[in-house]
Amino acid sequence: MSILVYTENWDGKFKKLSFELVSYAAAIAKEMGSSVTALSIGEVADNELNKLGNFGAAKVLNVNDSRYNSFDNRALSMAVASAAQAEDAKVVIFAHTNLGKAIAPRVAIKLDAGLVSGVTELPSNFSPFIVQKKVFTGKSFTNVQVDADVKVLTFSQNSFELVETGGTAEIVAFDPQLGDDIFATSVKETNKVTGKVLLTDAEIVISGGRGMKGPENWAGLEEMADLLKAGLACSRPVSDEGWRPHTEHVGQTGKIIAPNLYFAFGISGAIQHLGGVSSSKVIVAINKDPEAPIFETADYGIVGDVQKVIPQLIEGIKEM
Amino acid sequence: MKILVLINNVPDTTTKIRFTGDNTAFDTTRVQWIINPWDELALTRSVELKEAGAVEQISVANVGAQITEPTLRKALAVGADDAIRIDAEPKDAFFVANQLAEVAKDYDIILAGIEASDYNGSAVGGMLAELLDFNSVSAVSGLNIENGELVINREIDGGSQVLSISTPVVLIVQKGIAKEPRIPAMRGIMMARKKPLNVVAPADADAKTTLVDFTLPPPKAACKMVDEENAKDLVALLHEEAKVL
């Protein structure tokens, strides 16, 4: 019996999120008297796979096969389910990412398992198995009881501290033996975001709203983002107006993020916007309207003109 | 091509979230119900494709009690040809996907929203694909049909891709699939009254999960204010007090 964690890679590298997942899995394994097997799919070098051991993986199943680079949902779910069966996994953990959300439900059906998506905590109870997740887009939490032998979880990033164990993992090649006909997704074109901090990875996010007055006023936010290695985001009106790309839209219908620090410049804080950012550890609001609802959610605030405040913040950051 | 759009009936996104029964159930009093925002975009794109002649028929389906019918009527008013309501209280994603599997197998394309704005499950589309043994693509932000072939844009973690895939397929869609949700016109609302809304008895299926109780996030401490003239002090506070810089 084991806890299986699917550690996604990005062009052959793991991210902090992968290690966070292994740490989370290791904490569950400890409670259940089990051990963690990490599953890596794609082309990842052994020295990279070894890093998973340092966060508590006892074993790494390595599916080194370039056919999975097309992210075919059916093939990936077959691979994960066969690893789960081979390892007799009682809990299978994914990241709550685009890919995790795509394949976890398929794997849950294959394993006749109960699925809880977007978990934020360790299970509060193991028999019955009860774990907390966010509902109503961060406006509430619920405790979910899983009434199935196998549990599948997708884990919301930035919810668990990394724990370095200093351990090493046994790396084992694994072949789910899928025929070429299973890989139905035919990728024509891939555009990777390069040279920018990804919004969903960023520990600091700088976000602008309608109060920025126009796309020509973003230079200060871009400079701050460069200085702090932060991701850039915006509110829905800003992406609807075409001031910024819709990939930067955070909020209920855009991206849901949970950075350590979120700056809201000229964002009034509509309930739909807050739904996408309310899990941030610290929220800073700069708005000229002292009645703006964002100040009810923010930890720090400045009532004032964003264009006067931004240069001062940049100066302060440079002096830090 | 025949499209089925899965329609979830959810509280309006501005709803104040409250619970009843000692925090064991969502309080639905005075709640306005709407089409789940992503499902509405999926439906809008389907109507655009039908108007362009690439799709012959659009059906919508929902698992829910009679109170969900106004939401299905709205979907018909937006442009769906017929609606299916599976007459059961949705227990969990596994239960819902099993119900939908009974009515979904004859469609070429099934569209599901990337999540529901109430329970944020992101599960029904993927589960349905697996139950039907269909291909699936998630985080779809664009769909075109060119000479009967599907051309799909999807977001991956850290970029985007253009791909093709054969039907039947479940596409799990997000923002970008359509620009703006379509608002039903008066003519559409009139026509919707005459369109078929078929009520189907539920299939035997269990749930695999139960929601035990709900909690609201703890109230936030008051916002610490810094003067506009001393904005630099904010940097010091974030560095020394909050320790996030």
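In what follows, chains carry the letters A, B, and so on, assigned in the order in which the sequence lines appear, proteins first and then strands, with residues in each chain numbered from 1.
Tyr119(B) touches chain A through backbone and side chain together, each having a heavy atom under 4.5 Å away. Looking at Glu229(B), only its backbone comes within 4.5 Å of chain A, counting heavy atoms on both sides. Neither the backbone nor the side chain of Asn98(B) comes within less than 4.5 Å of any heavy atom in chain A. Neither the backbone nor the side chain of Thr200(A) comes within contact range of chain B; no heavy atoms are under 4.5 Å apart. The part of Asn230(B) that comes within reach of chain A is its backbone (N, CA, C, O), which places non-hydrogen atoms under 4.5 angstrom from that chain. Heavy atoms of Lys175(B) lying under 4.5 Å from chain A belong to its backbone as well as its side chain. When heavy atoms are compared at a cutoff of 4.5 Å, Leu115(A) approaches chain B by way of both its backbone and its side chain. Residue contact with chain B, scored on non-hydrogen atoms closer than 4.5 Å, involves the side chain of Ser239(A) exclusively. For a residue to count as touching a neighbouring chain, one of its non-hydrogen atoms must lie under 4.5 Å from one of that chain's; by this rule Ala97(B) does not touch chain A. The contact between Asp305(A) and chain B is made by backbone and side chain atoms together, counting heavy-atom distances below 4.5 Å. In this structure, chain A has heavy atoms under 4.5 Å from both the backbone and the side chain of Pro217(B). Using a 4.5 Å cut-off between heavy atoms, Pro11(B) contacts chain A through its side chain alone, with no backbone atom that close. Using a 4.5 Å cut-off between heavy atoms, Asp240(A) touches chain B through its side chain atoms alone. In this structure, no portion of Ala93(B) lies under 4.5 Å from any heavy atom of chain A. Looking at Leu211(B), the atoms closer than 4.5 Å to chain A (heavy atoms on both sides) sit in the backbone and in the side chain alike.
Contacts between residues 16-31 of chain B and chain A, defined by a heavy-atom separation under 4.5 Å, are made by Ile17(B), Phe19(B), Phe26(B). The interface of residues 294-303 of chain A with chain B, defined by heavy-atom distances below 4.5 Å, comprises Phe295(A), Glu296(A), Thr297(A), Ala298(A), Asp299(A), Tyr300(A), Gly301(A), Ile302(A), Val303(A).
Around the NZ atom of Lys179(B), the shell of radius 6.0 Å holds no more than 12 heavy atoms that belong to other residues, nucleotides or ligands.
Between Glu40(B) and Arg182(B) there is no salt bridge, since no side-chain nitrogen of the basic residue lies less than 4.0 Å from a carboxylate oxygen of the acidic one. Contact check on Lys13(A) versus Glu8(A) returns no salt bridge, with no Lys/Arg side-chain nitrogen under 4.0 Å from an Asp/Glu carboxylate oxygen. At a threshold of 4.0 Å, the pair Glu319(A)-Lys232(B) counts as salt-bridged, since one of the basic side-chain nitrogens sits closer than that to a carboxylate oxygen. A salt bridge links Arg45(B) and Glu48(B); the closest N-O separation between the charged side-chain nitrogens and carboxylate oxygens is under 4.0 Å.
With hydrogens and angles left out, the side-chain atoms of Lys101(A) and Ser117(A) include no donor and acceptor closer than 3.5 Å. Side-chain contact, Asp12(B) with Thr14(B): a donor N or O sits under 3.5 Å from an acceptor N or O. Side-chain polar atoms of Thr13(B) and Gln252(A) form no donor-acceptor pair below 3.5 angstrom. Judged by distance alone, the side chains of Asn9(B) and Thr68(B) never bring a donor and an acceptor atom under 3.5 Å apart. For Asp147(A) and Gln145(A), the side-chain atoms include at least one donor-acceptor pair closer than 3.5 Å. The closest side-chain donor-acceptor pair between Ser141(B) and Asn153(B), if any, does not fall under 3.5 angstrom. Side chains of Arg106(A) and Ser136(B): a donor-acceptor N/O pair is present below 3.5 angstrom, by distance only.
Lys134(A) forms no cation-pi arrangement with Phe141(A), by the criterion of a distance under 6.0 Å to the ring centre and an angle within 45° of the ring axis.
Heavy-atom pairs under 4.5 Å with chain B were tallied for Pro105(A), Gly304(A), Ala285(A); the largest tally goes to Pro105(A). When each of Gln312(A), Met320(A), Lys139(A), Lys192(A) is checked for heavy-atom pairs under 4.5 Å with chain B, Gln312(A) comes out on top. Among Ile286(A), Val144(A), Leu199(A), the residue making the largest number of heavy-atom pairs under 4.5 Å with chain B is Val144(A).
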*Please test Val80(A) against Phe94(A) for side-chain contact (heavy atoms from CB on, under 4.5 Å), starting from the C-alpha separation and ending with a verdict.*
CA-CA 10 Å; Val80(A) 177; Phe94(A) 295 85; 3.7 Å; yes

*Evaluate the side-chain contact (heavy atoms from CB on, under 4.5 Å) criterion for residues Leu227(A) and Lys318(A): first the C-alpha distance (whole Å), next the side-chain angles of each, then the deciding distance (0.1 Å), finally the verdict.*
CA-CA 8 Å; Leu227(A) 288 168; Lys318(A) 283 181 176 164; 4.1 Å; yes

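Applying side chain to side chain contact (heavy atoms under 4.5 Å, CB included) to Val284(A) and the options Val226(B), Leu238(B), Val244(B) leaves one that passes, Leu238(B).
By the salt bridge (Lys or Arg N to Asp or Glu O under 4.0 Å) test, Lys110(A) pairs with Glu130(B), sequence neighbours left out. Residues satisfying the side-chain contact (heavy atoms from CB on, under 4.5 Å) test with Ala270(A), not counting sequence neighbours, are Gln272(A).
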